[in-house]
Protein chains: 2
Amino acid sequence: MGLMANGHNYPLSFTGLGFRLVLRGLFVAEEAALKEKEKKRRVQQSGKLKMANDKATKSNAHPKSGGKKKEVKKETGLGLSHKKDENFGEWYSEVVVSGEMIEYYDISGCYILRPWTMSIWEIMQAFFDAEIKKMKIKNCYFPVFVSPGVLQREKDHIEGFAPEVAWVTKSGDTDLEVPIAIRPTSETVMYPYFSKWIRGHRDLPLRLNQWCNVVRWEFSNPTPFIRSREFLWQEGHTAFATKAEADKEVLEVLELYRRIYEEFLAIPVVKGKKSENEKFAGGLYTTSVEAFIPNTGRGIQGATSHCLGQNFAKMFEINFENEKGEKGMVWQNSWAYSTRTIGVMVMVHGDDKGLVLPPKVASVQVIVIPVPYKDADTQAIFDACSTTVERLNEAGFRAEADLRDNYSPGWKYSNWELKGVPLRIEIGPKDMANNQVRVVRRDNGSKVDIPTSNLVEQIKDTLDNIQQSLFDAAKQKRDASVTVAKTWEEFIIALNAKKMILAPWCDEEEVERDVKTRTKGEMGAAKTLCTPFEQPELPEGTLCFASGKPATKWTYWGRSY
Amino acid sequence: MGLMANGHNYPLSFTGLGFRLVLRGLFVAEEAALKEKEKKRRVQQSGKLKMANDKATKSNAHPKSGGKKKEVKKETGLGLSHKKDENFGEWYSEVVVSGEMIEYYDISGCYILRPWTMSIWEIMQAFFDAEIKKMKIKNCYFPVFVSPGVLQREKDHIEGFAPEVAWVTKSGDTDLEVPIAIRPTSETVMYPYFSKWIRGHRDLPLRLNQWCNVVRWEFSNPTPFIRSREFLWQEGHTAFATKAEADKEVLEVLELYRRIYEEFLAIPVVKGKKSENEKFAGGLYTTSVEAFIPNTGRGIQGATSHCLGQNFAKMFEINFENEKGEKGMVWQNSWAYSTRTIGVMVMVHGDDKGLVLPPKVASVQVIVIPVPYKDADTQAIFDACSTTVERLNEAGFRAEADLRDNYSPGWKYSNWELKGVPLRIEIGPKDMANNQVRVVRRDNGSKVDIPTSNLVEQIKDTLDNIQQSLFDAAKQKRDASVTVAKTWEEFIIALNAKKMILAPWCDEEEVERDVKTRTKGEMGAAKTLCTPFEQPELPEGTLCFASGKPATKWTYWGRSY
């Protein structure tokens, strides 16, 4: 996603009308109606939590963790009212709000990123920022404003972004002489200065990155994280003397994106190359990591790493004198990942109890909950919880105790399940007596008693295991969605079955456009997702599923976000 | 600075016309003229560097570091063309550009923050972010857009910001139904949600912070870092059940701001309270750290920590139920520091050779430069440089070697002096033979030979010493600027002598307004900077310097940014 944009297909865009139907009832194109809905949900939500709060305060008791748990949960109304498999769109909107990741804002398409979201973003940021610094890429900050002349310099580029550019035309009561655009991406913001700074081969490579907000004023189907009018991202912009260096960096950055998805967010992705139709407009070629959402049967572009070739260099006159004193033109890349990553994580791992956070990105990896009984020594149990947290923190884990005295253990279980904390530790009088703690996994609900003597080692193993299990489960589901289609008939059957389709293709632009036309409909058209770098064998004589011409490659197809 | 704003006096604003004259020739109110100037400087600058580059390449030699140094410097044109004490305004503009901290942008009042700036910002950010996390303050991200209704909710607040709010009125070719503001600060963005999230006393305290860009579309006197239309900052917004808790946090945060200035930027500041005239409009009271720029004789608000009292809570209905079931209203704070900090650092420490960076914020603390001679073993010298860098990096210092072969050592000396690197290490054949390196301090130019056996220890001591020396020197200059004035005559003499004036005051708003009126003129009016927390003794019977009424406190007065 991110920098990907061309005349036909925007970044963060849903193809056609499909998703609107999937999220039927939530997304209404008309803005006012949407706002009304959002307001209603907000009121419902806050009413629900308020009630829960009151109930819990009034009951002022610690029901046993066993039999009463379900009842408490029901009482408090903490459960989600939508199920992931029944109404994915409503489920998603509910889970990001109830899990306290997002708050809907009074300007449609804008969302408040709450601390629970920011902590995930910051963990990924720390990783990525350190990695690019190792690559000698340096952070900078360019203005959020672009003057119209510069914005329009690259024709294909502006064609892609023009409809969604927000324009500042006034300050105070005064009209500006010239309207000023808010950056939808920063190619045109930065490259005039690349032209200025780069004189000779010794000024190369120039490798910059910035962490910032960008604005794309889209009017349809806003979705938290996935498609919003403002989002946070990093955008890297680099210039090299040779194509070989640019090519190398494209793949190095793409590998970092793969690691963010697979190692941090536990989401399997396919690395590959975009088709000519789908590449960044004005660029030479685009690589991406592609994820898949089985529930909606849609691919989702996870992050993109583009080689821009020399096209922008030509438009912005980014020239240099090489070692021999000859004039050359730089080779450029740009690459980005955004807060969209977090939305993909919610969609892939979340369940009917709420969020499920992979341990590596969870700001609370272990929540410790005291389970006091009427005649037990409550203070001793609370102390044991605090000690457990201390031990885990010292060992480098992110653990917290929930010692609030106005909520029942059952309410707390549900609350932290909703928020997706990977591991829960329960400590009651029986656990104290047996020198053990009860450990409950968020991902599969399994419960084990761990001797306190072995606490740190077993928590470490369990967290590692959860991280791997989440990835394995997501991969299994993703793989189960992949279908090979060698003919048009097979392709249509697979598409209707919400599959991610691997098909032999002749690699002709016109054929992709034709497939789009032929599959247009309520759910949106199918298009190429990417041509995977890892190519299965393509026996000689294999024909394109769509054109019947000789196939030159295997390519993933499907509907997409 | 930062959140400080009221009807009369904006954050980041220069009072009156004074500074324009100081920066005469640079700052012309008319935008086009300003742009023209900027363009001219850009061309000059790049031409200069280009020439330097060419010369160095052509000479293709390593002149001796001794006698030829001055000549090389002259040749390359690396020196600044303005002197700090002669033309401060031009000097400042030149040093931030030549030192590669800032690039002027094609929209007036917007600046590109180059990597040399961002590395300083990131070091301060890492410190502050970790400290507020210890205080259980959590990061969030609210939208950059504000709807007009919410923005106007607090009357005094909007009065302060209205003239400089940038408005988005179009997306693509479509007019928005309602214009949307870009945040100048986020009180009105956030507090409707505080109202929603806070129900009972258990939801308190609510302590949030965000790192973001804000926009204030000012039309006069743009200055890099100090006064720009977009800048980066953190803004903290917190709510408490009691005033006592809010009061405590105000001072805790102010202490962090003091540490940023004094411990990181080596700039002495005064902690104090703002007068009623100068406090954040709509707030209860404002505390600040105040720095002073001896060259211009102006105070500069370094950062502000406000107690907002319950005023915003009233406007935004931020209520809660306390332990006894009674309805209460929250007490709020807001606090901010911005990239202005970096401008103050440049102004205080920079000299006629360029930037001077305190070691704690320098991304390169030590630059190692080979000084090869014709018959010496160049490779061995280069290797010694690399080894030195490795040893320093391993010991935790930020060191780099400048091994470029197309620049003379003298050119490199000047270049890294211009960029303000605290320590330079020179390694030549003689140093190699004697198992030593030559170490040159940026702050005072002193040179010592250090035995390589003792490298790490002595570099550590020297860097610590530089950090302290910079602070001491700045403090000495600041202290020398402070003048006590007990009468109006003494006050005027001190003001004309560009002093920071400590005067006994009756603390009446009208008297401050009167002082402003009586001191209006080309250089701008004088006003209160702050009432320092550390109060000298005020003998009974002391009278206000301005009104002749009984004085109640000592207060700092002066012209300011």
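Order of the sequence lines fixes the chain letters, A, B, ..., with proteins taken first and strands second; residue numbering starts at 1 for each chain.
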Engineer: Using a 4.5 Å cut-off on heavy atoms from C-beta on, say whether the side chain of A:Asp106 contacts that of B:Tyr193.
Structural biologist: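 Yes; the side chains approach each other to less than 4.5 Å.
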Engineer: Give, as side chain, backbone, both or neither, the part of A:Trp197 having an atom under 4.5 angstrom from any heavy atom of chain B.
Structural biologist: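 Contact with chain B: side chain only.
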Engineer: Using modelled atom types and a 3.5 Å cut-off, is there a donor and acceptor pairing between side-chain atoms of A:Glu230 and backbone atoms of B:Val144?
Structural biologist: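 Side chain of A:Glu230 to backbone of B:Val144, a donor-acceptor pair under 3.5 Å: yes, one is there.
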Engineer: Side chain, backbone, both or neither: which part of A:Val215 has a non-hydrogen atom closer than 4.5 Å to chain B?
Structural biologist: side chain
Engineer: Which one of B:Ser147, B:Cys212, B:Gly149, B:Ala162 has the most heavy-atom pairs closer than 4.5 Å to chain A?
Structural biologist: B:Ser147
Engineer: Tell me, for A:Ala166 versus chain B, whether the close heavy atoms (under 4.5 Å) come from the side chain, the backbone, both or neither.
Structural biologist: both
Engineer: Quick check on the interface: out of A:Cys140, A:Gly172, A:Pro143, who has the most heavy-atom pairs with chain B under 4.5 Å?
Structural biologist: A:Pro143
Engineer: Based on non-hydrogen pairs under 4.5 Å, which of B:Met190, B:Glu122, B:Lys170, B:Gln210 is most in contact with chain A?
Structural biologist: B:Lys170
Engineer: Please say which of B:Tyr105, B:Trp217, B:Tyr111 ends up in a ring pair (Phe, Tyr, Trp, His ring centres under 6.0 Å) with A:Phe145.
Structural biologist: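 The ring pair (Phe, Tyr, Trp, His ring centres under 6.0 Å) with A:Phe145 is passed solely by B:Trp217 among B:Tyr105, B:Trp217, B:Tyr111.
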Engineer: Quick one: what part of A:Thr169 sits under 4.5 Å from any heavy atom of chain B, side chain, backbone, both or neither?
Structural biologist: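 Both backbone and side chain.
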Engineer: Distance from A:Thr174 atom OG1 to B:Trp167 atom CH2, nearest 0.5 Å?
Structural biologist: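 One finds 12.5 Å between OG1 of A:Thr174 and CH2 of B:Trp167.
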Engineer: Where on A:Asn139 is there a heavy atom nearer than 4.5 Å to chain B: the side chain, the backbone, both, or neither?
Structural biologist: both
Engineer: Considering non-hydrogen atoms only, spot the tightest contact between A:Ile107 and B:Val146 and give its length.
Structural biologist: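 Closest pair (atom of A:Ile107, atom of B:Val146, distance): CD1-C, 3.8 Å.
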Engineer: Taking atom CE of B:Met118 and atom CG of A:Leu208, what is their separation to the nearest 0.5 Å?
Structural biologist: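 Here the interatomic distance stands at 11.0 Å.
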